[in-house]
Amino acid sequence: MKKHSKLAALALAGAMILSLAACGPKDEPQNSQTPEETGIYTPGTYTGEAQGFGGTVTVKITVDANNVTDAVVEGPDETESIGGAALGTLADQIKTANGGEIDGVGSATMTSNAAKNALADAIARAKGEEVGGGETAALKDGTYTTKSPSFGLLSQMECETTIENGTIKDVKVISESDSATGEWFATARDLFIPRLIESQSLATDAITGATISSNAIRACVASAIDEAGGKSGEWYTEVAKKSDTVKLEGYDVIVVGLGGSGTMSYCAAAQEGATVFGIEAAAKVGGDASTTYGPMALNSEYLKNLYTDGKDYINADDVYKVWMEYVESDEKADIIAKAVYNSGSALDYYVENFGFEFQGLGLLGSFVVPEWTQLWCVYSADNDNTSWNILGPNKTFQFVRALDIAKSKNEKNDYMTELTATSLIFDGDQVVGVNAESYDGTKYEIYGKSVILATGGFIGNADMMNQYLGSTVNTMGVTVNKGTGIQMGQSAGGATYMMGTLPMVHISQVKNIIRTDDLTADQKAILTALALTTDQTMVTTEGNRWGNENQSGTQDEGVTVEIVYAPDYMYYVVYSQEDIDNIKNNGLSEAQASATSAFLAQGGTLPAAGTPVADIEQILTVGEQYGNVIKGTTADLAKAMGCDESNLKAVLTEDTTYYAVACVSYAYATVGGLDVDVNMNVLKEDGAPIANLFAVGQDSEGVCNKDGKAYSPWGGQAQSWTFVSGQIAGTQAAKVAKGE
Ligand SMILES: Cc1cc2nc3c(=O)[nH]c(=O)nc-3n(C[C@H](O)[C@H](O)[C@H](O)COP(=O)(O)OP(=O)(O)OC[C@H]3O[C@@H](n4cnc5c(N)ncnc54)[C@H](O)[C@@H]3O)c2cc1C
């Protein structure tokens, strides 16, 4: 996999923008002429800043005596497909308006409002006027209905904000499409809204784990303030944080991260009689594990009783053999044996002792070995006990219930959410505890005899992604997982293992999912089909041919599994002008008309093959605005893709306009992690175990995998590893703490 100079350059640019923002607005007049002498502005370059959707939006204008001659709008933290995509248009509007008001971009209200506020400050500076002074704009009482793109794929979030006596009195989310029952959305709604009302500040921190939903609520309220006649830019007063430090001492076991593997670790340690403290960064427990289908479980007694009259339902020896062939080494054979032969008993242990419930054996077959029809099962959900799809029914209650059972085993046992572990505490080179910080700013020093690292890998850490996997990847999971556990293990001298195992990808979609109304659902489905179809020419980000001969052939295997091998975890599906004209007049091909995204679909219906698509150009134009389509000659494509044109020319031989539609991987999590032994003890480079430090789940999943390969994709294996590794680590950590 190539190292990505393009991404490095973007990261550098981002860092530069951030450092600029950190320094605050700067007035940089080029000379000392006064406005009276020369015109309305003092010539020079001026900046203004305001809070956008994700962070600071900076407007930099260059003026001569009477005109705005240049404008740049930067917003490194804006959502790439919405606010980020609007930045260029906003800059153009500022130049055209030449000191007047700009319209903004309808699909990016929050970024547009920030640009308007930042522009006002920059203009004021250019005029030598006071910035930020004067009266705060008054608000008109009322209830305002406003919208913002959110996590939902089907429509935007809609809120009713009640303004009374110049304050935000109430906020209600009145519609929130397919994540309306999503647990992360509910967490944001229940926690963010009261905090925002209490602080009366749009600078209220997003809820950890539910950032997108929190920011969407924030955007709705900001629009309501603007509609009420106020200036939302004035509502970002700093929210005070605490600065005290709390010490918690005397624990046997500390578990860092209470997702899949952390919850099992906590339970197993408590079951062994240890006193346990759990640290969870997100506002709810369960992590990625609570959004999944479910675990692989080979010949679990519980499942056998439910489904196969007590009979074995899979040959576990076969699974072990295939797995050993996959890793091409017997270095971790003892661990892989546990992963195989303990998978059923770990599930049974959870069911018997901690009330977990599963179902659906055989609903999902193996991804790669068709004969393994009964391999994994799914979590039961609370709504009707038969639904198990992702991002919908509540499964977190199972994790909470298990933790509460474990907690009740000793009155000292406890756990906290919205508490982020930052580093290990050492006494000499001995691990003695964990430093953490609460959402309210309170620092915690938590002391314990054993520490279990369960922070779910590093998908949310761009630096680690670039370092170990050559590129970041679009995500379909918890980006709270920033590799903290792996870094904590490394700080204790721990080694890593198979960090180059490819991230967990089963989903492809367009690069920037369009969550606004700029296209209808049916139009979005067509854009998706153009990205996912396998019957067109495909090129990598390096401009080389991709697909067909690289792929296994079927839509599922070809696109959703093997895309992970493409550089940058993406490729382009390229259409010539003739292809597009053909779709316009004669419709989609059979392959295109059946190319849908199972998980990230947006509710649209594809036209039958052969039905003319009259609006194809409009679809492509909006796709282009959102960074999903590149249109132009091979030279234009090469420039936008950052590749060598000669590569493209070898594949795209016609002298025509091309449309390159990006098809991108969406990954659940990373796989490589800390090196561990069969007890889940973190190992040093020399192979020596660190006696009281353990790593589980994605933080040690590399031991079951192989650099450069897609992760062991039998089906449910990752979840299963959380159970197996968590049970072993919790039990061992308790024993070590008790000196057994
Ligand atoms: C949509 C989706 C579907 C999936 N489907 C399946 C499936 O069907 N079968 C399967 O086997 N696998 C599936 N997976 C993968 C599986 O969910 C993960 O491999 C598994 O959850 C990993 O467990 P974990 O404990 O390592 O991480 P997680 O369950 O993500 O838990 C990590 C926890 O650590 C917390 N954390 C992170 N940093 C810190 C910190 N600094 N301090 C404190 N806490 C921290 C996080 O908030 C999180 O709660 C799916 C994943 C996703 C996203």
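Everything quoted here is computed from the prediction, not taken from an experiment. Whatever order the structure lists ligands and atoms in, that order sets their numbers, starting from 1.
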Would you mind running through ligand 1 and noting each atom that sits below 4.0 Å from a heavy atom of [X]?
X	value
Ala282	47 (O)
Met504	15 (C), 19 (O)
Gly257	34 (O), 35 (C), 44 (N)
Gly477	53 (C)
Tyr293	5 (N), 7 (C), 8 (O)

Below the 3.5 angstrom mark, is there an N/O of [X], backbone or side chain, next to an N/O of ligand 1?
X	answer
Ala289	yes
Gly294	yes
Gly716	yes
Gly697	no
Glu280	yes
Thr292	no
Thr722	no
Thr291	no
Ala718	yes
Gln719	yes

Practice problem: Identify the residue among Leu674, Asp675, Leu693 that makes a side chain to side chain contact (heavy atoms under 4.5 Å, CB included) with Leu683. | Solution: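 Among Leu674, Asp675, Leu693, the one meeting side chain to side chain contact (heavy atoms under 4.5 Å, CB included) with Leu683 is Asp675.
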Surrounding [atom1] of [X] (heavy atoms of other residues, nucleotides or ligands, distance under 6.0 Å), is the total greater than 12?
X	atom1	answer
Lys338	NZ	no
Lys412	NZ	yes
Lys241	NZ	yes

Check contact between [X] and ligand 1, using heavy atoms of the residue and a distance below 4.0 angstrom.
X	answer
Gly286	yes
Thr208	no
Phe599	no
Ala669	no
Gly209	no

Exercise. Would you indicate whether the side-chain heavy atoms of Gln719 and Trp376 approach each other to under 4.5 Å?
Key: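 Not in contact.
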Ignoring hydrogens and angles, tell me if any N or O in the side chain of [X] forms a donor-acceptor pair with the backbone of [Y] under 3.5 Å.
X	Y	result
Lys332	Val676	yes
Ser366	Trp714	yes
Tyr302	Phe358	yes
Lys395	Thr292	yes
Thr442	Ser438	no

Exercise. Find the distance between OG1 (Thr496) and CE (Met464) and round it off to the nearest 0.5 Å.
Key: 8.5 Å
Regarding [atom]: of the candidates [options], which has the closest heavy atom?
atom	options	answer
atom 41 (N) of ligand 1	Ala436, Ser712, Ala421, Pro295	Ala421
atom 18 (C) of ligand 1	Met296, Met416, Gln698	Gln698
atom 34 (O) of ligand 1	Gly259, Gly287, Ala454, Ser423	Ala454
atom 25 (O) of ligand 1	Gly483, Ser725, Ser261	Ser261

Self-check item: Centroid separation Tyr350 to Phe723 less than 6.0 Å
Solution: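 Centroid separation for Tyr350 and Phe723: below 6.0 Å.
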Practice problem: Step through it carefully: locate the ring centre of Phe277, locate the ring centre of Tyr266, and say whether they are under 6.0 Å apart. | Solution: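 Distance test on ring centres: not under 6.0 Å, no.
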Practice problem: State plainly whether the residues Asp312 and Lys304 are in salt-bridge range, i.e. N to O under 4.0 Å. | Solution: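 Yes.
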Part of [X] with heavy atoms under 4.0 Å of ligand 1, whether side chain, backbone, both or neither:
X	result
Thr420	both
Thr484	side chain
Trp376	side chain
Gln717	backbone
Leu419	backbone

Exercise. For Ser712 and Gln717, test the side chains for any donor-to-acceptor distance below 3.5 angstrom and give the result as yes or no.
Key: yes
Practice problem: Specify whether His506 and Tyr668 have parallel, tilted or perpendicular ring planes, treating 30° as the upper limit for parallel and 60° as the lower limit for perpendicular. | Solution: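 Ring orientation, 0 to 90° scale: tilted.
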Practice problem: If the plane angle is over 60° it's perpendicular, under 30° parallel, otherwise tilted; pick one for Phe356 and Phe399. | Solution: perpendicular
